[in-house]
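See below for the structure under consideration.
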Amino acid sequence: MSLTISTWNINSVRLRIETVKRFLAETSPDVLCLQETKSPDEFFPLDALAELGYRHTMIRGMKGYNGVAILSRLPITASGSEDWCGRQDCRHVFAEINGIEIHNLYVPAGGDIPDPELNPKFAHKLDFLKQTEAWFRAQRTASKPMILVGDLNIAPLEHDVWSHKQLLTVVSHTPVEVDLLGRVQASSDWHDAVRHFVPATEKLYSWWSYRNRDWDASDRGRRLDHIWITQPLVPHLKAASIHRPIRGWEVASDHVPVTVTLDV
DNA sequence: ATGGTTGGGGTCCAA
């Protein structure tokens with residue numbers, strides 16, 4: 001049997017619930033992880049998802065900003081969340097499904113100025129990454145079957161951005177962030193499940209700004225959304241994909257879903 | 001160097 005998991009920064013789940021339903025109908029992953037749901041839990045459209053078979057949920061939202069959710073067709077046997085940086089800003093949940101612990105993260109975007117002295121949002125982003133790294137080092141072992149997904153708001157590789165040279169000083173691709181993301185990746189010996197199938201020399205994006213006249217033609221994308229797995233799951237990797245055409249759907253998010261399939 | 005667009009909540013902030 002196989003396990004398919006998708007991650008998607010939906011940029012308001014209430015505004016885009018029809019888009020979510022279309023994606024689930026077409027792709028039918030076993031688990032969908034969302035970020036930037038922008039919905040308090042009491043207003044989350046759970047009924048529409050239950051109708052499609054996603055009856056097991058772990059959601060954590062707030063008014064207006066952030067918010068993460070795990071929606072599953074398979075039972076959730078354990079769940080929880082962490083508050084890195086102590087802000088209660090709804091950037092992490094986890095759920096155990098089929099004996100695999102799935103972590104869903106929304107890393108702070110970090111503002112515009114890549115200097116923690118001048119920009120508190122960038123300082124928050126760096127602190128969040130440091131605390132995430134420390135948490136996995138202290139609380140989990142790399143031998144545990146785990147999946148980490150989410151909008152990590154960092155494009156680590158040269159070909160995860162449209163122009164490595166031009167983006168070296170742009171928040172999401174600066175060396176200090178990429179270095180810290182590498183430390184998070186080392187914390188549980190995480191393996192990039194998407195680059196597993198796509199050579200590092202090939203351009204690969206999951207996000208295109210709203211601020212381009214024609215996102216498809218200019219193609220100035222970045223790979224901000226990721227799926228990582230721990231080593232015990234690596235031999236079980238079957239496929240990975242980034243759903244680029246969804247960026248062109250009506251009322252599109254600026255991010256598209258990323259999907260990985262494992263045999264379990 | 002600048003500005004471009006979108007969402008949410010409310011006449012501006014975050015991305």
Side-chain angles (χ1 to χ4, degrees), chain A residues 7-23 33-45 48 59-69 83-85 87-92 104-116 118-129 149-156 160-163 165-174 176-178 180-181 205-226 244-258:
Chain A
T7 180
W8 194 4
N9 178 318
I10 194 61
N11 189 15
S12 176
V13 69
R14 283 182 284 173
L15 182 71
R16 272 182 254 287
I17 186 60
E18 293 306 316
T19 314
V20 172
K21 286 165 68 177
R22 180 178 168 191
F23 171 71
C33 296
L34 298 174
Q35 304 86 34
E36 277 208 273
T37 54
K38 294 184 174 176
S39 176
D41 294 347
E42 59 269 34
F43 302 130
F44 199 103
I59 62 173
R60 192 161 166 246
M62 59 192 280
K63 189 176 172 181
Y65 304 106
N66 311 328
V68 284
D83 260 321
W84 294 306
C85 303
R87 297 184 182 222
Q88 299 179 321
D89 54 359
C90 304
R91 295 181 179 276
H92 171 256
N104 180 13
L105 273 86
Y106 176 49
V107 173
D112 289 331
I113 303 162
D115 182 339
L118 299 174
N119 174 11
K121 290 188 222 169
F122 194 68
H124 177 213
K125 184 178 198 175
L126 302 184
D127 285 344
F128 187 95
L129 292 165
V149 311
D151 176 4
L152 305 185
N153 265 315
I154 296 171
D160 289 341
V161 293
W162 63 276
S163 168
K165 196 178 168 186
Q166 284 180 255
L167 285 163
L168 275 171
T169 56
V170 174
V171 171
S172 73
H173 194 60
T174 66
V176 61
E177 294 165 80
V178 170
L180 279 175
L181 189 69
Y205 315 134
S206 65
W207 172 89
W208 293 261
S209 173
Y210 285 126
R211 300 178 194 179
N212 277 316
R213 199 163 289 120
D214 185 335
W215 70 273
D216 196 22
S218 60
D219 202 18
R220 295 186 167 190
R222 305 177 201 171
R223 190 170 70 108
L224 304 178
D225 304 275
H226 300 271
R244 178 181 175 118
I246 292 180
R247 184 63 179 79
W249 284 7
E250 294 283 315
V251 206
S253 167
D254 44 355
H255 297 251
V256 297
V258 180

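Lettering of chains follows the sequences in order, A, B, ..., and the numbering in each one begins at 1.
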Say we look at [N] and [M]: how far apart would their [atom1] atoms be, to the nearest angstrom?
{"N": "B/dA15", "M": "B/dG3", "atom1": "C1'", "answer": "15 Å"}
{"N": "B/dC12", "M": "B/dT2", "atom1": "P", "answer": "22 Å"}
{"N": "B/dT11", "M": "B/dG7", "atom1": "C1'", "answer": "15 Å"}
{"N": "B/dA14", "M": "B/dG9", "atom1": "C1'", "answer": "12 Å"}

Could you tell me which residues satisfy side-chain contact (heavy atoms from CB on, under 4.5 Å) with A/T169, sequence neighbours excluded, listed by chain and number?
-> none

Who pairs with A/N119 by side-chain contact (heavy atoms from CB on, under 4.5 Å), at least two apart in sequence or on another chain?
-> A/I113, A/K121, A/F122

Those residues that, when tested against A/Y106, pass side chain to side chain donor-acceptor pair (under 3.5 Å) (two or more places apart) | A/E36

Under the side chain to side chain donor-acceptor pair (under 3.5 Å) test, residues paired with A/D89 that sit two or more places apart | A/R91

Starting at the 5' end of nucleotides 6-15 of chain B, put B wherever the base has a protein heavy atom under 4.0 Å, S where only the sugar-phosphate does, and a dash everywhere else.
-> SSSS----SB

Does a donor on one side chain sit under 3.5 Å from an acceptor on the other, for A/S172 and A/E177?
-> no

Got a sec, which pairs hit salt bridge (charged side-chain N to carboxylate O under 4.0 Å, His left out) with one end in residues 7-23 of chain A, sequence neighbours left out?
-> A/E18-A/K21, A/R22-A/E26

